[in-house]
Amino acid sequence: MSATEPDDAPAIPFCSHRRTVTETDIVNFVNLIGLHEPFFIDMEYIRDHLAEGHRSRFAPGPMVISLGMGLVATLIKDVIDRALEGAEAGEFGGMTGVSARLSAALRPNDTIHVEGAARRRPKTRRGYTLLDIRHRVINQRGEEVADFTETVCFLPKAPA
């Protein structure tokens with residue numbers, strides 16, 4: 001950590017627009033990635049093998065995370081710019097990880113949005129800047145569907 005890099009950088013909050021998820025969205029996602037498990041493609045299996053409150057179609061976890069990232073896509077450049085303000089960060093180096101917890105089912109006709117915050121971590125010993133971007137996916141009833149954090153990396157700034 002350099003002397004100019006704060007130990008506790010401020011969190012940059014954000015809130016996305018809303019989106020209603022359709023049954024077609026779920027079916028298309030499942031088919032696109034080949035997630036042909038009976039939980040996602042066989043309604044008779046779902047009715048026969050899942051608990052009574054869960055006998056309808058729901059979105060797979062990777063879809064919930066993808067939707068959460070997509071809802072933030074229109075905001076992310078501004079969020080990142082604000083989170084990196086004052087940092088000596090270089091070019092974008094990619095995502096280095098994601099940590100997720102799913103807490104409720106996402107079903108057709110649910111409307112979701114994302115509330116979150118980006119927080120810059122102290123520079124690594126090798127000069128990389130890491131940014132944690134937390135996403136809380138919230139449905140129309142105010143229930144948290146997912147809470148995940150993606151970590152992205154920025155390369156050391158190139159010498160002038």
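Worth knowing before you read on, the calculation uses all heavy atoms, side chains too, and leaves out hydrogens, waters and symmetry mates.
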Donor-acceptor contact below 3.5 Å, side chain K123 vs main chain A87: no
Hits for side chain to side chain donor-acceptor pair (under 3.5 Å) against S66, two or more places apart or cross-chain, chain-then-number order -> none
Taking only Lys NZ, Arg NE, NH1 and NH2, and the carboxylate oxygens of Asp or Glu, determine whether R47 and E44 approach each other closer than 4.0 Å. yes
Test side chain to side chain contact (heavy atoms under 4.5 Å, CB included) applied to A59 - qualifying residues, sequence neighbours left out: I26, M63, V64, L106
Is R136 reaching over with its side chain to a backbone N or O of A146, donor-acceptor style, under 3.5 angstrom? no
Nearest heavy atoms of R107 and R57, plus distance in Å: NH1-O, 3.4 Å
In chain order, what residues pass the side chain to side chain contact (heavy atoms under 4.5 Å, CB included) check against T20, with sequence neighbours excluded? T111
Side-chain contact, heavy-atom cut-off 4.5 Å: F14 with V114? yes
I need the minimum non-hydrogen distance between K157 and E88, along with the two atoms involved. CD-OE1, 3.4 Å
Using a 3.5 Å distance criterion without hydrogens, assess whether the side chain of R119 forms a donor-acceptor pair with backbone atoms of D132. no
Looking only at non-hydrogen atoms, find the nearest pair between R120 and A9 and report the distance. O-CB, 3.4 Å
How would you list, by chain and number, every residue that makes a side chain to side chain contact (heavy atoms under 4.5 Å, CB included) with I46, sequence neighbours excluded? M43, L50
Does any donor atom in the side chain of H36 or N31 lie under 3.5 Å from an acceptor atom in the other side chain? yes
State, to 0.1 Å, how close S16 and L75 come at their nearest heavy-atom pair, and which atoms those are. CA-CD1, 3.8 Å
What are the two closest non-hydrogen atoms of P156 and R126, and how far apart are they? CG-O, 3.5 Å
Show, in sequence, the C-alpha distance, side-chain angles and deciding distance for V79 and V72, and conclude whether the side chain to side chain contact (heavy atoms under 4.5 Å, CB included) test is met. CA-CA 9 Å; V79 170; V72 174; 5.6 Å; no
Going by the rule ring pair (Phe, Tyr, Trp, His ring centres under 6.0 Å), which residues pair with F154 if we only count those two or more places apart in sequence or in a different chain? F92
D25 side chain vs T22 backbone, donor-acceptor pair below 3.5 Å: yes
Across all chains, not counting sequence neighbours, the ring pair (Phe, Tyr, Trp, His ring centres under 6.0 Å) partners of F39 are Y45
